[in-house]
Every structure is written in C-alpha cells, then in structure tokens.
Amino acid sequence: MSELPKTYEPQLIEPRWYAEWMARGYFHADASAPKAPFAIVIPPPNVTGSLHMGHALGTTIEDIFTRWKRMAAYNAMWLPGTDHAGIATQMVVERELRETEGKSRHDLGREEFIKRIWAWRERTGDRILSQLKTMGHSLDWERLKFTMEPAYSAAVIEAFVRLYEEGLIYRARRLINWCVSCRTALSDLEVDYDEGVQGELYEFAYPLADGSGEVVVATTRPETMLGDTAVAVHPDDPRHRSKIGKIIKHPITGREFPIIADPVLVDPKFGTGAVKVTPAHDPNDFECGVRHGLPMISILDEMGVVNAEGGPFAGLDRWKARKAVKARLHELGLERGSKAHVHAVGHCQRCETVVEPMLSTQWFVKMEPLAQPAIEAVEQGKTRFVPESWSKTYFHWMRNIRDWCISRQLWWGHRIPVWYCARCREMTVARTTPTQCQHCGSGELTQDEDVLDTWFSSWLWPFATLGWPNETRELKTFYPTTVLDTGYDIIFFWVARMMMAGLHFMKKVPFRTVYLHTMVTDDKGEKMSKVKGNTIDPVDVIAKHGADPLRFALAWLTTHAAQGKNIKFSMGNVEDARRFANKIWNATRFALLNLEGFDADRFADRTADGPDRAEFDLPERWILSRVQRASEEIDKALEEYRISDAAQAVYHFIWDEICDWYIELAKAALLRADGNAEITANPEARWRIQGALVTALETAMRLLHPFMPFLSEEIWQQLPKPSGAPQSIMITLYPVRDVRFYDDASEASMALVQKVIVALRGIRADKNIHSATRVMALLSVNDDYKKTILEGYKTIIAEQGRCREVRVRRSGASLGGEFSLDHVATALAGDVEVMVPLEGLIDSGEEKVKLTRERAKLVSDRDYLARKLANPQFVEKAPAEVLERSRGKLAEVEIALAKIDEAIVRIGA
RNA sequence: GGGCGUUUAACUCAGCGGAAGAGUGCCACCUUCACACGGUGGAAGUCGAAGGUUCAAUCCCUUCAACGCCCACCA
C-alpha cells in the first residue's frame with residue numbers, strides 16, 4: 001500500500017485524471033450501443049464567454065446526472081457545444097477592433113469583419129471549453145458543436161425555409177423594439193423593463209385648426225408629438241365628445257390631423273382623457289393607427305436622432321429633442337402642466353440603452369400554431385417540469401404568445417436565406433444561393449442583409465446537434481433527450497422555443513424533463529457582476545480549492561428552485577466542502593494504514609450473499625447494512641432530482657457513520673484483533689473489519705463520484721479491490737441497495753449501544769473528566785433483551801465510553817458492592833439508566849437540580865402522551881402506526897421517569 | 001394591473017399532517033497513535049400575524065403583513 005500525503009491536495013490529483021478518462025474514451029457514448037439512452041445537451045455557452053458561477057452550477061448538475069446515469073449502465077451522452085451569440089460576440093469583437101486598430105466594423109466591411117470574428121473565435125473561443133474540462137465534466141467531446149458551423153447553419157436555413165413555406169414565417173412592416181445603440185431590431189424578450197422609473201407626465205395643448213379651442217393631452221414622451229397624427233378621446237367622455245371629428249393644427253409642423261374616438265386606446269380616467277397618437281413610436285398608438293388608418297410618421301432615424309420629419313428639431317437626438325420640444329411648447333404658451341409619474345422603461349438586454357419602438361420591416365415567426373402543441377405536450381405530461389411549479393410560468397407565456405421578430409441588423413449570424421429581385425421585386429427563399437429569381441427568372445438577385453436572431457438557431461439545439469435534418473443514428477438513439485437542465489431565466493428564450501421547434505420539426509418533445517436550477521448570487525443575495533466587483537470566479541476557486549469542492553458546494557446548495565429565490569454562494573461553502581474532502585482523504589489514510597494482509601477476493605467471496613450474521617461482529621454488520629441504506633437514500637434522492645439531499649446524504653454517511661462511528665469502532669477492534677489490547681485477541685476478526693471498512697469506503701466513493709469525480713477516483717484507485725475489478729470508478733456500477741445486507745436487528749442494537757455511549761460521554765463532559773481517566777459504568781435496563789445486547793457489547797461501550805468496567809443489571813437488582821450510591825452521576829439513554837460512580841466529583845445538590853429538571857421534562861412528555869392516548873377520538877381515528885408509536889413512547893417515558901425518580905431518591909439530600 | 005414565490009435556530013437553508021432538522025457560527029473540554037481542514041459534549045426556534053378545518057397543523061384553508069421574482073402597450 002502506498003502511503004497518502006497527510007492532507008488532501010486537489011492540485012495534485014485533478015489534472016491527472018481528466019486526461020486519463022479522455023484517453024480511455026469514457027466520455028464518449030456510442031449511438032449504437034445496446035443500452036438504454038440517457039441524453040443531455042449542454043445549454044451552449046456563448047463563444048465569447050468565460051466560465052462564471054452560473055455555468056459552473058448548471059454544468060455541475062448536468063455532470064452529476066450524466067455520471068450517475070453512466071454508472072447506472074445507461075448509454076449516457078452529454079453533448080457539448082457553444083453558441084455564436086450574435087450581438088454579444090459582434091460587440092466584443094467590435095470593441096477589440098476599436099481598441100486595437102481604432103476601426104469600426106464598417107471600416108472593414110462585412111466580409112472582412114466576419115473573418116475577424118472567426119479568427120477571434122479561433123484564438124479565444126475555446127477558453128470556456130477548457131474551463132469546462134477543469135470542472136471535471138464528462139462531456140462527449142467527439143460531438144462538440146457550434147451554432148455557426150456549416151452543418152448547423154444548414155439546419156438553421158432548413159428550419160427557416162420550411163417555416164416560410166408553411167406560412168409560419170413572414171415579412172412585415174410593424175412596430176418593433178429597436179436598439180439605437182446596437183442598431184438592430186430586438187424581440188420582445190430582449191427588452192428588459194426597469195420597473196418603476198420616476199418620470200414625468202407632461203401636459204400640453206393642441207390648438208384646434210378652426211381656432212375654437214384646444215385639447216390638452218398628457219405624455220411621458222413630449223418629443224414624439226412631432227410624429228403625432230391624431231388625438232384620441234373616449235367616445236363616451238362628455239368632456240371631449242363634442243370635439244370628436246374636429247381638426248388639430250400641429251403647432252410645430254403645421255400638419256393637420258383629426259380628433260378621433262377610440263375606446264380601446266383611451267382610458268377616460270387617466271390623464272386628461274385625451275391621448276396624443278404617435279403610431280410610429282408607440283405600440284398602442286400603432287394599433288390605434290391601424291384601426292383608424294392613420295398616417296404613420298417615423299420621426300427618428302436608426303440612431304435615435306430626429307429626422308427630417310421633425311422639422312426644426314431634425315438632427316437632435318431623442319433626449320435633446322425632448323427638451324427642445326418642451327421649450328418650444330413653453331414658448332408657444334401651450335404647456336399645461338407636469339406631474340410626477342412612475343412607469344416602466346424598456347432597455348436593451350445587451351447594452352442597456354433605452355429601447356425605441358420603431359416602425360420597421362422585419363421577419364417574424366407566427367407563434368400561435370407552434371405554441372399549441374407545446375402547451376398540450378406539457379399538459380399531457382410528455383415533458384415534465386422540475387420543480388413542477390414552473391409549468392405555470394411556461395403555460396402563461398405560451399398562452400399569451402406573440403409573434404417573434406427574428407431578423408437582426410447585424411453581421412454575425414445566419415444570413416436570412418431570402419433574395420430580392422431587382423427586376424420584379426419578388427422574393428426568392430432558398431436553401432442554397434439561387435442563380436435566378438423564382439418569379440421572373442432574372443439573375444439580378446440581392447440577398448437580405450439581415451441575420452437571424454441567435455435564438456433562432458438555439459431553438460433547434462436538441463436535434464440540430466444530432467444531425468437534423470438528416471435522419472441519423474444519433475437522432476434515433478438520443479432524441480428526445482432525457483433531461484434539459486437550465487436556469488429559469490431562459491424558460492421563454494430557450495426552453496419554450498425548443499419545445500415548439502422540437503414538436504414542429506421532430507414531431508416529438510425535445511426532452512422528457514426540464515430541470516430548472518436557480519440563479520447564483522453572492523452571499524448577500526446580490527446578483528454577481530463584474531461592475532459591482534462581487535463575482536466569485538470559478539476558475540479562481542478551482543485553482544485554490546479544486547473542482548471537487550466547488551462542485552460539492554454547488555450540489556449541496558442546489559435545492560428546488562422557487563420563484564424569487566436564489567443560491568447565496570460564498571467561499572465558505574467551498575471551504576466546507578474542502579474540509580469534507582480532507583476528511584475523506586484522511587479516513588482513507590487510516591484504512592490504508594490498517595489493511596496489511598487484507599485479501600479483497602476472499603472478503604468478496606465470503607460476503608457474496610451478505611455477511612454471515614453469526615460470524616460478523618455488530619459493528620461490521622451495522623456498517624454493511626448502513627452502506628445499503630445510504631445507497632438507497634442517495635439513489636432515490638437523485639432519481640427525484642433532490643440534488644442537495646443526495647449530496648448531504650453522502651456527506652452524512654461518510655462523516656457521521658463511517659468516520660465518527662465505524663472507524664472509531666474499527667480502531668479499537670483492530671487493536672483487539674492484533675492482540676495489542678488487554679482484551680482477548682481475535683486475529684480472525686481482522687479481515688472482516690478490514691473488509692467492512694474497505695467496502696464502506698469503496699461504496700461511498702462510488703456514491704460520491706458524480707459529485708466529486710476526481711477525489712473519488714483517486715481514493716477508489718488506492719483501495720484494494722477484488723481481482724477483475726474495472727480500471728476506473730467511472731465504469732463501475734452506481735450503488736443501489738442490496739437488501740441482503742440489510743440488518744434491522746443490528747441497526748437497532750447498534751442504535752442502543754450508541755445511545756449508551758453518547759450518554760456516557762455526556763456524563764464525562766458534564767463532570768469534566770479527562771479523556772485518560774477510565775470510569776466504571778453501571779447500566780440499568782428494564783428488559784432482558786436490552787440487557788443481553790448491552791452485556792454482549794460491553795467491550796464496545798467500554799472502549800468508546802472510556803470505561804474500565806461496564807456492568808449491566810435489571811432495574812432494582814443489586815448494584816454490586818463497590819458502587820457508592822451517594823456519588824453517582826446519572827444520565828438516561830432512552831429508557832436505559834447510565835450511572836457513573838464518581839467519588840468526590842459529585843455535588844449532590846447540583847446533581848439533584850439537574851435530575852429534577854430532566855424529570856420535569858419527562859413528566860410533561862408523559863402527560864402529553866397520556867392525554868393523547870386517553871382521547872377516544874385519537875385512539876379511534878389515528879392510524880395504527882401512529883398509535884403504536886405513541887404507546888411505545890409513553891412506555892419508554894414512564895420507565896425513564898421511574899429511573900429518574902430512583903436516582904433522585906438515591907441522591908437524597 | 002395580473003401571476004408566482006418566500007417568511008423555520010445568530011446566518012444560510014431543508015422539512016410540509018402526527019409534539020422541529022442540517023451546514024456554518026456560538027459555548028465548554030480535548031495537542032486520544034486518519035484528519036485541529038480534527039474529536040467529544042452542549043446552548044440555541046411561541047416554524048411571519050390572526051382566524052378556521054382536523055383526534056392532531058410549521059405543514060391544509062381564509063385573511064393580513066413584510067420581502068422577492070415574473071408577465072403586461074395604460075398615454
């Protein structure tokens with residue numbers, strides 16, 4: 001046996017194993033393997049990205065699932081890849097270009113700029129992939145995909161063309177969200193609303209053209225009055241009814257437009273009851289404009305600067321124009337007031353610029369027909385959300401879905417496969433570049449300049465990565481995928497859209513289960529951000545503490561995600577996990593130092609059908625049974641996606657049961673077996689103790705492996721195993737319960753023994769007895785069964801409780817001469833009385849106070865239970881099991897009470 | 001304006017119908033031959049408030065309060 005270093009050093013073990021696993025091809029899943037498939041696709045991180053805690057959390061969860069299912073003999077495949085991330089990537093490369101060469105993308109031109117992006121990706125785009133490797137993730141790298149690679153692009157184009165041909169993609173001039181900084185259209189989802197921005201509700205008067213008066217309107221955006229083409233009032237509003245149909249003369253542009261009646265747009269209770277209508281710059285006004293056939297005048301250009309329609313204000317940006325318009329209205333004497341007004345303002349998700357509603361010709365996907373099957377699939381349980389409550393969020397969005405604007409005025413992305421004919425003006429939509437117009441045969445074709453929204457490629461991810469539109473073996477085996485893990489922040493962006501695309505193109509849901517994890521924040525619940533400087537970089541964490549502690553810390557914290565809650569993460573969590581790793585390391589050191597002469601084959605042989613109960617001593621029977629209980633509990637927790645519960649169960653099994661109890665019991669037993677103790681030596685006991693210890697540790701490592709792959713592998717390799725054992729823990733079987741090792745009787749006996757030991761230690765601590773001091777212990781029990789057990793394990797009790805002698809008697813039986821009744825410390829272990837004679841250390845007054853306090857508690861317990869059991873309603877209606885438990889408890893409490901009374905009497909005073 | 005969620009030990013969180021659990025922190029003791037990244041023992045909670053249902057409620061129902069999240073075009 002090689003000797004392990006004294007402390008766990010992740011840096012010494014982690015890098016080795018990843019390379020080894022890769023070399024042996026353990027991460028690769030063969031699509032033809034005759035095993036049940038288990039598939040996960042990674043939520044593709046942006047190529048521009050660097051690993052952050054959000055990635056670390058999600059991918060840790062995914063790797064836990066994958067490693068667990070792989071060990072459970074599934075054909076487990078976790079598909080890696082990256083997303084081209086249109087706007088984000090283009091912005092990063094543009095910034096670099098500006099900083100290094102002082103150029104804009106326009107200086108380079110489209111083709112050259114795209115070349116630069118590819119070069120940039122070549123240079124740095126793999127950073128996140130190597131970071132995922134340092135996490136220990138068992139991704140099937142042979143299947144690595146990128147959303148801009150040719151095969152994937154072909155899938156994107158295919159999807160576009162099919163939807164176009166089916167009438168589900170159309171081009172229209174509509175009011176869309178426009179970012180004046182990114183200079184592109186955005187989908188509704190890409191607009192973030194700042195809730196409760198303190199703004200101003202500004203009122204001004206529009207004079208009537210005939211000079212007969214004015215109408216006062218209220219607005220949060222005075223500058224848009226330059227594009228007004230109507231004023232609307234409610235048809236039933238007595239204040240304004242008479243003005244309907246009258247003409248307004250615009251005080252700045254001189255344009256004339258009508259006062260119209262619109263019960264949809266106007267809420268008579270709000271503002272002045274009259275609404276200025278700017279169809280080209282407000283979604284509601286746009287609808288109103290459509291209803292009334294109003295002219296739609298865009299007053300802003302793509303950079304948010306007032307255009308020629310703005311007359312004297314042309315050339316001012318929208319904020320300056322607002323001030324200028326207000327100043328002008330003031331000069332004209334038309335200002336009518338101003339109120340504070342709280343409202344929501346939309347910002348570009350990427351650059352935080354205030355988004356401008358703009359009239360623009362864009363491409364859209366008609367969503368309702370796609371949403372319907374996606375709603376039904378979840379209703380029918382074909383796809384299940386975990387936690388289930390997220391399905392409500394999903395349904396709500398799906399049932400109120402609106403068309404998706406998919407064209408972007410960017411260069412980096414999938415170019416829209418549409419060509420316009422210079423001669424007949426018709427469109428040709430094609431999978432490959434057409435040579436002539438479908439309609440007139442002309443060769444004068446120009447491709448649409450725009451690219452597709454990044455999410456238009458992402459929504460195909462679960463099947464485009466598996467070869468779609470070709471009918472591949474991969475699709476057959478791994479589609480639908482088993483689980484999708486992702487953060488709840490992209491349910492709409494990604495999950496819902498994948499559901500729609502999967503059902504539409506594949507006719508099957510893309511995944512059976514959607515596991516939604518929560519967001520990671522700092523320990524105060526603040527979102528981590530570089531600006532705030534509160535980020536914890538997983539790369540740094542790994543360098544300092546290793547990937548395993550990071551993974552374990554994240555798993556420990558991963559409880560079911562509730563709305564509005566998040567994971568508060570701190571380095572303390574990682575340090576705790578590292579301490580756990582160190583504990584495991586040292587438990588293994590202990591084992592390895594004590595395995596001399598151990599024959600794993602022999603042990604395996606002798607326990608093939610469970611341990612021989614006559615041959616194996618209590619601690620061994622107990623720990624071998626506990627191994628199986630832990631296996632059952634952990635496997636079940638994972639099956640139910642209770643990741644934190646699974647991690648905590650592994651933790652407690654290893655720390656509490658293996659380390660705190662079994663190793664302590666084994667230490668003493670090995671000493672006995674070696675004949676070093678004063679107790680009879682039993683050399684034959686050695687192999688059973690060694691075997692139980694190794695079994696417990698070896699099983700624990702397999703249970704731990706999905707959480708801490710490196711450490712578990714390293715330890716597992718060190719442990720002796722029967723010949724013919726696999727080469728790596730990765731290809732062993734995940735432990736599931738083996739009931740042949742279950743041993744209720746041993747667990748009950750051990751529980752009793754443990755209680756007595758804890759009571760003894762309690763007395764020692766209470767009386768401040770030094771650990772070197774051996775005491776006498778007298779145990780008083782009420783039944784022969786317990787007496788037999790405690791008699792049988794006196795040695796263990798003595799060793800763990802540091803006693804020089806342990807005596808067990810039936811209650812009331814003779815104490816034996818050397819016990820002095822005046823100087824006995826008493827504690828209860830359930831209904832077993834534990835007494836330690838302590839000449840000179842007992843203050844009988846103090847002792848009495850302590851016992852009396854305990855008695856009061858017992859009396860209250862007894863009364864409560866007795867009252868309950870005296871209640872006929874309870875006896876009649878409570879389930880038998882509950883009744884039984886209450887009766888048992890009452891009996892125990894009564895015995896304990898009797899014992900305490902005896903003790904109080906004994907003390908006298 | 002709708003919808004959802006949270007409120008349990010000092011902190012962070014599990015539990016969700018049978019008289020409350022974990023990790024950290026705290027207190028006392030221990031340099032016991034795997035580990036001081038440790039051991040042993042302990043203190044600590046009217047389970048947000050008020051009603052109701054039930055033999056029984058932290059857990060179910062109602063109302064309220066505080067906090068948080070999502071959706072929505074109210075000028």
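Each chain gets a letter, A, B and so on, in the order the sequences are listed, and its residues count up from 1. Just so it is clear, the structure is predicted and the values come from calculations on it, not from any experiment.
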*What's the closest nucleotide to the A:K583 side chain, out of B:U40, B:G38, B:U32?*
B:G38
_Using a 4.0 Å heavy-atom cut-off, does A:K667 contact any base of the nucleic acid, only the sugar-phosphate backbone, or nothing at all?_
base
*Given Watson-Crick or G-U pairs with both distances under 3.5 Å, what dot-bracket string fits RNA chain B, with | for other-strand pairs and [ ] for crossing?*
((((((((.[[[[.)..(..]]]].(((((.......))))).....[[[[[..)....]]]]])))))))....
*A:D766 has an atom CG; how far is it from atom C1' of B:C30, in whole Å?*
16 Å
*RNA chain B: 5'-proximal contact among A:A765 and A:L201 (nearest heavy atom)*: A:A765
Can you list, pair by pair, the side-chain donor-acceptor contacts under 3.5 Å of residues 559-572 of chain A, counting residues two or more places apart and other chains?
residue, atom, partner, partner atom, Å
A:H560, NE2, A:Y641, O, 3.2
A:Q563, NE2, A:T393, OG1, 3.0
A:S570, OG, A:G572, N, 3.2

*asked:* Taking ring-ring contact (aromatic ring centres under 6.0 Å, His included) as the criterion, tell me which of A:W397, A:F492, A:F395, A:Y488 meets it with A:W390.
replied: A:Y488
*Provide the distance between the two C1' atoms, one in B:A9 and one in B:G42, to the nearest whole Å.*
14 Å
*pair A:K326-A:E200: side-chain heavy atoms closer than 4.5 Å*: yes
_P gap between B:C26 and B:A65, integer Å_ = 39 Å
*Does A:D403 have any salt bridge (charged side-chain N to carboxylate O under 4.0 Å, His left out) partners at least two apart in sequence or in another chain, and if so, which?*
none
*Under-4.0 Å salt bridge between A:E575 and A:R579*: no
*Salt bridge A:R867-A:D863, side-chain N to carboxylate O under 4.0 Å*: no
*Is the shortest side-chain N to carboxylate O distance from A:R322 to A:E223 below 4.0 Å?*
yes
*So, A:E892 and A:R862, do they make that salt bridge, N to O below 4.0 Å?*
no
*A:D548 CG to B:C37 C1': how many Å, rounded?*
15 Å
*If the C1' atom of B:A44 is compared with that of B:G25, how far apart are they to the nearest Å?*
11 Å
*Separation between the C1' atoms of B:U54 and B:G17, rounded to whole Å*: 9 Å
_Suppose we screen for side-chain contact (heavy atoms from CB on, under 4.5 Å). Which residues come up paired with A:E664, at least two apart in sequence or across chains?_
A:K667, A:Q800
*With sequence neighbours left out, what residues match A:A647 under side-chain contact (heavy atoms from CB on, under 4.5 Å)?*
A:F552, A:A555, A:F707
*Within less than 4.0 Å of OP1 or OP2 of B:U31, is there a side-chain N or O belonging to A:H770?*
yes
_By the 4.0 Å heavy-atom rule, please label A:R764 as base, sugar-phosphate, or nothing._
nothing
*asked:* Taking salt bridge (charged side-chain N to carboxylate O under 4.0 Å, His left out) as the definition, give me every residue that meets it alongside A:D766, ordered by chain and number, with sequence neighbours left out.
replied: A:K850
*asked:* Need one value for A:N768: base, sugar-phosphate or nothing, where a base atom within 4.0 Å counts as base even if backbone is also close, heavy atoms only.
replied: sugar-phosphate
Tabulated below should be each protein N or O lying under 3.5 Å from an N or O of nucleotides 43-45 of chain B; please produce it.
none

*Any residue of residues 217-230 of chain A with a heavy atom less than 4.0 Å from an atom of RNA chain B*: A:A218, A:T219
_Regarding A:K524 and A:D522, does a basic nitrogen lie under 4.0 Å from an acidic carboxylate oxygen?_
no
*Is the shortest side-chain N/O distance from A:T559 to OP1 or OP2 of B:A14 below 4.0 Å?*
yes
_I want to confirm an ordering. Mapping A:W661 and A:D285 to their closest nucleotides on RNA chain B, which one lands closer to the 5' end?_
A:W661
_Per-nucleotide protein contact string for nucleotides 62-71 of chain B, where B marks a base within reach and S marks sugar-phosphate only (heavy atoms under 4.0 Å, - for neither)_ = ------BB-S
*Separation of A:D645 atom CG from B:A14 atom C1', in whole Å?*
7 Å
What are the atom names and distances for every N/O pair under 3.5 Å that joins the protein to nucleotides 16-23 of chain B?
residue, atom, partner, partner atom, Å
B:A19, N6, A:S860, O, 3.1
B:A22, O2', A:H652, NE2, 3.4
B:G23, O2', A:D576, OD2, 3.4

_Phosphate OP1/OP2 of B:G41 contacted by A:R761 side-chain N/O (<4.0 Å)_ = yes
*What is the distance from CD1 of A:I567 to P of B:U12, rounded to the nearest Å?*
15 Å
_Please find the pair of heavy atoms, one from A:A692 and one from A:Y662, that lie closest to each other, and give the distance._
CB-OH, 3.5 Å
_Spacing between A:F590 atom CZ and B:C35 atom P, to the nearest angstrom_ = 11 Å
*With sequence neighbours left out, what residues match A:D645 under salt bridge (charged side-chain N to carboxylate O under 4.0 Å, His left out)?*
A:R642
_What is the separation between atom NE2 on A:H560 and atom C1' on B:U6, rounded to the nearest whole Å?_
17 Å
Considering only distance and modelled atom types, tabulate donor-acceptor pairs under 3.5 Å from the side chains of residues 265-277 of chain A, sequence neighbours left out.
residue, atom, partner, partner atom, Å
A:D267, OD1, A:K269, N, 2.9
A:T272, OG1, A:V216, O, 2.5
A:T272, OG1, A:A274, N, 3.3
A:T272, OG1, A:A274, O, 3.4
A:K276, NZ, A:T224, OG1, 2.5
A:K276, NZ, A:D228, OD1, 3.0
A:K276, NZ, A:T278, OG1, 3.0

